[in-house]
Student: 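Take this structure, written in structure tokens, and hold onto it; I'll ask about it next.
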Amino acid sequence: MSNIEQKDPFRAIMEHMREDRLAHFRVQNELALKGKTLFTGSSLMEQFPIGELLMNHGMHTVVYNRGIGGFTTQDMLAHMEEQIFGVQPGRIFINIGTNDIGAPDYRQEALIENYRNILKQIKGRLPETEILLMAYYPVNELAHEAGDPILDAAFKTRTNENIQKANAAVCELAHELGCQFIDVNQGLADETGRLKKEYTIEGIHMYANGYEVVFRNMKPYLQED
């Protein structure tokens, strides 16, 4: 038996999918209209059905989505060109860091330091761009069946308590660097503070009805081009 450690097949597939998505972004960025609106972050942004919601609300704002599932703040720092700079946006909505919170070695200090580096790079390269930091959504650890090792592990640190603390820290960071923090969570949580069960797939990711709530909260910031 080889003593060479074999890569986990699931992880290998995920890495391949991310690399494929990054390759698509490099080409798409060459075609993107400049000075428009950008959504960027991890899967919670990747899965945002922004095109359909804009259409449903009769809005004509041009929005490019550069979210990638599984990405952390460290991943974004490694791929700023694909996720941000290649689009040359006039306005950026960012939702990155929930995978940091869900990691077993999570430290809020590390999350905020990476986030600070992301924002400093953006302000250095795109000084005229409006930057909006979105609040992290609440979660519902009761919305999935126990026994899923990935989710069970994620919910150990991806708690609403940690999310609230991280939101407060991101809000402070926004003020520190002259960005805007927007709380898009009104109406998402139930009476216990958990993400409403009817909005979530497994306690973390949301169905379109959850994104409809978020969209209505952020609609005032989505001025038409």
Side-chain angles (χ1 to χ4, degrees), residues 37-54 56-57 63 65-76 83 91-103 106 108 110-112 114-115 118-119 131-144 148 150-174 179-222:
T37 298
L38 171 67
F39 277 24
T40 191
S42 58
S43 59
L44 292 174
M45 198 60 109
E46 178 184 6
Q47 296 176 19
F48 203 124
I50 185 59
E52 290 187 28
L53 289 170
L54 287 168
N56 292 347
H57 285 257
V63 178
N65 192 323
R66 296 295 183 265
I68 300 182
F71 259 35
T72 63
T73 52
Q74 193 64 45
D75 293 318
M76 178 173 278
Q83 286 201 285
R91 182 189 308 126
I92 307 175
F93 290 87
I94 305 177
N95 188 337
I96 190 69
T98 54
N99 290 313
D100 300 58
I101 298 172
Y106 170 61
Q108 182 176 291
L111 163 64
I112 297 303
N114 283 343
Y115 214 147
I118 289 168
L119 298 177
I131 307 171
L132 301 103
L133 314 184
M134 295 173 64
Y136 301 127
Y137 311 141
V139 295
N140 188 335
E141 76 283 4
L142 305 178
H144 82 288
D148 184 317
I150 296 177
L151 286 174
D152 288 345
F155 282 122
K156 286 183 179 179
T157 53
R158 196 166 179 159
T159 64
N160 284 321
E161 180 182 2
N162 281 343
I163 287 170
Q164 289 169 8
K165 290 178 180 177
N167 278 338
V170 171
C171 183
E172 288 183 12
L173 180 63
C179 304
Q180 188 166 4
F181 176 82
I182 56 173
D183 188 346
V184 296
N185 292 342
Q186 184 177 356
L188 282 180
D190 61 20
E191 63 279 1
T192 71
R194 295 181 174 90
L195 180 61
K196 290 181 180 178
K197 203 164 185 179
E198 63 266 29
Y199 291 158
T200 184
I201 299 167
E202 79 304 52
I204 295 174
H205 298 92
M206 294 192 298
Y207 293 115
N209 55 354
Y211 280 111
E212 169 70 20
V213 174
V214 173
F215 181 85
R216 289 182 182 275
N217 291 331
M218 61 191 302
K219 193 174 179 180
Y221 306 94
L222 280 165

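Just so we're clear, the structure is a prediction, and the values are computed from it rather than from any experiment.
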Student: Check ring pair (Phe, Tyr, Trp, His ring centres under 6.0 Å) between Phe48 and all other residues, then give those that pass, not counting sequence neighbours.
Tutor: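 Only Phe39, Tyr211 meet the ring pair (Phe, Tyr, Trp, His ring centres under 6.0 Å) criterion with Phe48.
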Student: One pair to check against side-chain contact (heavy atoms from CB on, under 4.5 Å): Glu212 and His57. What are the steps and the verdict?
Tutor: CA-CA 10 Å; Glu212 169 70 20; His57 285 257; 3.0 Å; yes
Student: Measure the CD1-CD1 distance between Ile94 and Ile182 for me, rounded to the nearest 0.5 Å.
Tutor: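 Taking CD1 in Ile94 and CD1 in Ile182, the distance rounds to 10.5 Å.
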Student: For Ala169, which residues count as a side chain to side chain contact (heavy atoms under 4.5 Å, CB included) partner, sequence neighbours excluded?
Tutor: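 Expected list: Gln108, Ile112.
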Student: Just jot down the side chain to side chain contact (heavy atoms under 4.5 Å, CB included) partners of Glu52, sequence neighbours excluded, or say none.
Tutor: none
Student: Which pair of heavy atoms, one from Gly193 and one from Pro138, lies closest together, and at what distance?
Tutor: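 Taking Gly193 first and Pro138 second, the nearest heavy atoms are O-CB, 3.8 Å.
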Student: Quick check against the 3.5 Å criterion: does Asn167 have a side-chain atom that pairs as donor or acceptor with the backbone of Ala135?
Tutor: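 Here the side-chain-to-backbone pair does not exist.
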Student: What pairs with Val213 under side chain to side chain contact (heavy atoms under 4.5 Å, CB included), at least two apart in sequence or on another chain?
Tutor: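 Residues passing side chain to side chain contact (heavy atoms under 4.5 Å, CB included) with Val213: Leu188, Tyr199, Asn217.
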Student: Are the side chains of Leu44 and His205 in contact, using a 4.5 Å heavy-atom criterion?
Tutor: yes
Student: In Å and rounded to the nearest 0.5 Å, what is the CG to CD1 distance from Leu133 to Ile92?
Tutor: 10.0 Å
Student: With sequence neighbours excluded, tell me which residues meet ring pair (Phe, Tyr, Trp, His ring centres under 6.0 Å) with His144.
Tutor: Phe155
Student: Check Met45 against Asn65 and note the closest heavy-atom contact, atom names and distance.
Tutor: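 Distance-wise, the nearest heavy atoms are O-ND2, 2.8 Å.
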Student: Got a sec, which residues hit side-chain hydrogen bond (donor to acceptor under 3.5 Å, both in side chains) with Lys197, two or more places apart in sequence or on another chain?
Tutor: none
Student: Can you name the side-chain hydrogen bond (donor to acceptor under 3.5 Å, both in side chains) partners of Thr200, sequence neighbours left out?
Tutor: none
Student: Output every pair passing salt bridge (Lys or Arg N to Asp or Glu O under 4.0 Å) with a member in residues 201-211, not counting sequence neighbours, ordered by first then second residue.
Tutor: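 Not a single pair qualifies under salt bridge (Lys or Arg N to Asp or Glu O under 4.0 Å).
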Student: Who are the ring pair (Phe, Tyr, Trp, His ring centres under 6.0 Å) partners of Tyr106, not counting sequence neighbours?
Tutor: none
Student: Starting at CD1 of Ile118, measure out to CD of Gln83 and round the result to the nearest 0.5 Å.
Tutor: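 One gets 8.5 Å once the value is rounded to the nearest 0.5 Å.
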Student: Could you tell me which non-hydrogen atom of Glu198 sits nearest to which non-hydrogen atom of Asn209, and how far apart they are?
Tutor: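 That closest heavy-atom pairing would be O-ND2, 3.0 Å.
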Student: With a sphere of 6.0 Å drawn around CD of Gln186, does it hold more than 12 non-hydrogen atoms of other residues, nucleotides or ligands?
Tutor: no
Student: Do Ile96 and Thr40 pass the side-chain contact (heavy atoms from CB on, under 4.5 Å) test, and can you show the C-alpha distance, the side-chain angles, and the key distance before you say yes or no?
Tutor: CA-CA 8 Å; Ile96 190 69; Thr40 191; over 6 Å; no
Student: Under the salt bridge (Lys or Arg N to Asp or Glu O under 4.0 Å) rule, what pairs show up with a residue in residues 151-163, not counting sequence neighbours?
Tutor: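 Every salt bridge (Lys or Arg N to Asp or Glu O under 4.0 Å) pair that includes a residue of residues 151-163, provided the two are not neighbours, is Glu161-Lys165.
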Student: When rounded to the nearest 0.5 angstrom, what is the spacing between CG in Leu173 and CZ in Phe181?
Tutor: 10.5 Å
Student: Using a 3.5 Å distance criterion without hydrogens, assess whether the side chain of Thr157 forms a donor-acceptor pair with backbone atoms of Ile101.
Tutor: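 Between the backbone of Ile101 and the side chain of Thr157 there is a qualifying donor-acceptor contact (under 3.5 Å).
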Student: Got a sec, which pairs hit side-chain hydrogen bond (donor to acceptor under 3.5 Å, both in side chains) with one end in residues 132-143, sequence neighbours left out?
Tutor: Glu141-Arg194
Student: Walk me through whether Ile68 and Asp75 qualify under side-chain contact (heavy atoms from CB on, under 4.5 Å).
Tutor: CA-CA 10 Å; Ile68 300 182; Asp75 293 318; over 6 Å; no
Student: Of all heavy-atom pairs between Val139 and Ile204, which one has the smallest distance, and what is that distance?
Tutor: CG1-CG1, 4.3 Å
Student: Which residues pass the side-chain hydrogen bond (donor to acceptor under 3.5 Å, both in side chains) test with Asp183, sequence neighbours left out?
Tutor: none
Student: With rounding to the nearest 0.5 angstrom, report the CG to CG distance, Leu38 to Leu132.
Tutor: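 Taking CG in Leu38 and CG in Leu132, the distance rounds to 11.0 Å.
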Student: Just by distance, do the side chain of Asn99 and the backbone of Phe71 share a donor-acceptor pair under 3.5 Å?
Tutor: yes
Student: When rounded to the nearest 0.5 angstrom, what is the spacing between NZ in Lys196 and CD in Glu191?
Tutor: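 If we round to the nearest 0.5 Å, Lys196:NZ and Glu191:CD are 9.0 Å apart.
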Student: At their closest point, which heavy atom of Leu111 faces which heavy atom of Ala166, and how far apart are they?
Tutor: CD2-CB, 4.2 Å
